[in-house]
Structure formats: C-alpha cells, structure tokens
Amino acid sequence: MLKFTITDLLDSDSLQIIQNAFERFSGLRALVTDSSANSVTEGGDFSDFISKILVYNEDANEPILKKEILQLLRNGKTITVKNDIGSCDAASPLLLEGELIGLFICGPDVESGQKVSEAQISKGSKFLAALADALSQMSYSSFLSLNNSHAMEQSARQESAAVTETALKMKQAMQEWVEVMSEALESDDLELIKKQVNKILVTGTDIYTAVTDSVQNIQDKIASTHLVETEYSIHRLAPHYIEQAKKIMGEKSPEFSYKIDESIPLYLFGDNDRISQIIYLLFKSSARQLESGKAHLDITCKKSSYATMLILKFTDTCYGFNEDELEALQMFIETGDQSYLENTKVKGMGYRTLSRIVAQMFGQIYFEIISDTEMEFEIKIPQLEVEVEELGS
C-alpha cells in the first residue's frame, strides 16, 4: 500500500491551474479527485458521475469505487459513463506503481444543459488521458524524491546517533583513563602500573575501533572512498596484520593461526590497504567476542578468467555469541540489511565495515554456522597477478 496521497506528490494549486487550462481548451468541465473520489481541486458538481462509479461499503462505512471500475482504472483505462443529458462523462486514472492515487474527470456542464457532441467528448477524453499520464509521471518523480528525502533523513538520524554514541564512549573512556593513570602514577608497584596500562590499551582499542568504523561509514556515505591499487605481497602482508591484531588484543586474544597457500602468486595487484583491513577485522572481531578459543585463516587463490580470485577462509570459535546473534549475523551477511544487527552484541564487532570493504572491492562474502561453537567466513576478492619481472619496469 502506498504511503503517499496525491496531494503529497502533486501540489493542489498546480492541479487547479492544469484543470482550469483543460477547461478553457476543451470547453468541458473538469475536476481532480483523490483515489476515493474526494475532490482535491475546486469545481462545480457538474454531473452525478462520481456517484455512479461509487458503491457504499458497510465494512468501511463509506462509499468506495466499484470493483470493476477500480480494476479498469488500475489498468490505465479511461472510463466513460452516460449522464442525464444524453452525453458522457469521462475519467482517467492518476497512477503510481500500478496503484490509483487520483482521478482526472471531465464532462459537459449538466446544470447549464451544455450540449456536447460525442466527438468532442472523445477528443476531450483523449486529451484528459494524456494529461493524466503526464501527471502520473510527475507523481512518480515526486514519489522518488520523497522516498530519497525520507531515506536521507533516516540515514542522518542513524549517523547522528552513531556519532553521539561514539562521543559518549570516548568521554567515558577518557574519564577512566584519567583515573587509571592517576592511580598508576601514585603507585610504585610495577605490576599495578602494567595492569593499569593494559586497561588503557583494551579500552583504547575499543574506542579506536568505534572511531574507525564511524569514519569509514561516513566516508562511504559521502562517496569519498575509492580504490587505491598497487602491487603487494599477501605472503608478507597477512602475517604482519595478524600479529598486529594479536599484539593489540594482548592477553585477551584467542589462539591465532594462519596458512598461506604456496600457489598464490608472489605479487598481486589490488588495494592492499583494504586487504589488510579485512584480515585485521576478521581476527580483531574474533578476539573482541571471547577471551579464549581459536581463530584460523586459510588464504588460497583460484584463477578466474584474467583475474586471480583471492580466497580468505576464516574459521572461528564463537562462544561469545548466542544462537540468535549468530542467526542475526547470518541474515545480515546474506541480505546486507543492518537492522538484523540492532540490539545485538554483533552490532559493534566490525562486521558492517567488513561487509562494506568487501563490496567496495567487488568481492563476495559468505557466512556459515558450522556448529554451536564454530562459524566460518569465506571471502572472495578478484585481484590481478603481477609477474615478478614486471615490477619496476
């Protein structure tokens, strides 16, 4: 069901101007109504046409269009009905995505006994149909604009909420850091100082992640991101960022392992920064959800036409997520609909950023729940193989 009415989409003053122009050029009376045949422009009750196309509905407790009339109108047909002076009245539908949003009616002035030939009515109804079609196109353009406006408004509210949430996290973290550092500075106990610094490191990592996700999301919204491609070695890149994730998470990290297939070309051409982000996000998200367990990354490749498909298969124990959260994550990966992550622990784990990065690189991401304690991501990204002798040439 449409959420907009004809007057939401077309200004009533403009409709009145069009109606008046039609009356001057056709010599007929006219009226524009909404989908329930209630007038939205000014004009005399020039005939009983409207009453003839309505039937009283007891359930709705109001008159509605007859079913056969409504069906014809939805099919884009102009309908005609004989009036009391032996002539005809006509109505053309105003449609939006196949739904009736209004009627453009014309006919002779019954009150004055206006005599109109059948040819004049036929010509007027054709003109009416052309105008109705034009108005329908105008309605559709307005419909798209309104939908975009609503989407932008909703997006702005979401962004505002995300930025506010991040700001509050930062404020809270700063207060904790001040307290922790004050306690550490007042103590000569090296173990206590080490413990306090680790606390700052953990909260700092969480804040860094939140800020990074927010910045990435904003950049995506304003379309400021673009691929920066260069030659790189996955054999060197992957171990470095896995170790980085492990160092940042410290003692909280689960057992990290990886394997890079020897068949992968020594050098690939692509956006190595985004590849690095993917690897880092996979391990970081794993570490954030649990304090023990295992996370393993298999990196392989497969030739696909002129491209080399880089395949990252990440297996992760998932004691930190319950069944509902795993299903929410699966639905998000399959549909891209972020609403599945609302009110779940999954929301702040970086998977939205992961999904965006893969999409930016024209890749594919798959997710599977292997068992109650294991889940798997498979990410495929097209890259180009670089021959060693080409480097620097």
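Note that the structure is a prediction, hence the values are computed from the model and not measured.
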For the atom pair [atom1] ([X]) and [atom2] ([Y]), what is the distance rounded to the nearest 0.5 Å?
{"X": "Q277", "Y": "I357", "atom1": "CD", "atom2": "CD1", "answer": "3.5 Å"}
{"X": "Q383", "Y": "C301", "atom1": "CD", "atom2": "SG", "answer": "11.0 Å"}
{"X": "E374", "Y": "I369", "atom1": "CD", "atom2": "CD1", "answer": "12.0 Å"}
{"X": "S39", "Y": "I50", "atom1": "OG", "atom2": "CD1", "answer": "7.0 Å"}
{"X": "I79", "Y": "I53", "atom1": "CD1", "atom2": "CD1", "answer": "5.0 Å"}
{"X": "L73", "Y": "K66", "atom1": "CG", "atom2": "NZ", "answer": "12.5 Å"}

The criterion is side-chain hydrogen bond (donor to acceptor under 3.5 Å, both in side chains); which residues satisfy it with [X], sequence neighbours excluded?
{"X": "T7", "value": "T5"}
{"X": "Y340", "value": "none"}
{"X": "Q16", "value": "N20"}

Flag if over 12 foreign heavy atoms under 6.0 Å of [atom1], [X]:
{"X": "E68", "atom1": "CD", "answer": "yes"}
{"X": "K303", "atom1": "NZ", "answer": "yes"}
{"X": "K52", "atom1": "NZ", "answer": "yes"}

Please check if the side chain of [X] supplies one atom and the backbone of [Y] the other of a donor-acceptor pair under 3.5 Å.
{"X": "K77", "Y": "I69", "result": "no"}
{"X": "N75", "Y": "Q71", "result": "yes"}
{"X": "E368", "Y": "E376", "result": "no"}

Taking the side chain as every heavy atom from C-beta outward, state whether [X] and [Y] have any pair of such atoms under 4.5 Å apart.
{"X": "L326", "Y": "M375", "result": "yes"}
{"X": "Y258", "Y": "I299", "result": "no"}
{"X": "I264", "Y": "H235", "result": "yes"}
{"X": "L384", "Y": "T308", "result": "no"}

| message | I'd like to know whether the aromatic ring centres of F314 and F367 sit less than 6.0 Å apart in this structure. | response | no
Between L282 and Y351, is a side chain to side chain contact (heavy atoms under 4.5 Å, CB included) present by the stated rule, with each step listed? CA-CA 8 Å; L282 285 170; Y351 294 117; 5.6 Å; no
Which atoms form the tightest heavy-atom contact between [X] and [Y], and what is the distance?
{"X": "I260", "Y": "A238", "value": "CD1-CB, 4.0 Å"}
{"X": "P239", "Y": "I234", "value": "CD-O, 3.9 Å"}
{"X": "P93", "Y": "L103", "value": "CA-CD2, 4.4 Å"}
{"X": "F332", "Y": "D337", "value": "CD1-O, 3.6 Å"}
{"X": "G107", "Y": "D89", "value": "CA-OD1, 3.3 Å"}
{"X": "G102", "Y": "I6", "value": "CA-CD1, 4.2 Å"}

**Item:** M309 with I365, same ILVMFWY side-chain cluster at under 4.5 Å
**Value:** no
If Ile, Leu, Val, Met, Phe, Trp and Tyr residues are connected whenever their side-chain heavy atoms lie under 4.5 Å apart, and connections chain through other members, are L354 and F362 in the same group?
yes
Across all chains, not counting sequence neighbours, the ring pair (Phe, Tyr, Trp, His ring centres under 6.0 Å) partners of Y232 are none
Testing the 3.5 Å rule here: is there a donor-acceptor pair between the side chains of [X] and [Y]?
{"X": "H296", "Y": "S257", "result": "yes"}
{"X": "T353", "Y": "R356", "result": "yes"}
{"X": "T41", "Y": "Q19", "result": "yes"}

Partner of L268 under side-chain contact (heavy atoms from CB on, under 4.5 Å), picked from I275, V386, L310, is L310
Determine, for R29 against D109, whether the closest basic-nitrogen to carboxylate-oxygen distance falls under 4.0 angstrom.
yes
Notebook entry, point to check: Should I381 and I379 be marked as a side chain to side chain contact (heavy atoms under 4.5 Å, CB included) after you check the CA-CA gap, both sets of side-chain angles, and the distance that decides it?
Noted result: CA-CA 7 Å; I381 300 168; I379 298 169; 3.8 Å; yes
For E378, the side chain to side chain contact (heavy atoms under 4.5 Å, CB included) test, sequence neighbours excluded, returns I311, K313, Y366, K380
With side chain to side chain contact (heavy atoms under 4.5 Å, CB included) as the criterion, how do I279 and L297 come out once you've worked through the C-alpha distance, each side chain's angles and the decisive distance to 0.1 Å?
CA-CA 9 Å; I279 294 171; L297 177 65; 4.2 Å; yes
Note: with side-chain heavy atoms under 4.5 Å as the link, the other cluster members for I64 come out as V55
Practice task
Please assess C106 against S26 for the test side chain to side chain contact (heavy atoms under 4.5 Å, CB included), listing each intermediate value before the final yes or no.
Solution key: CA-CA 9 Å; C106 76; S26 69; 6.0 Å; no
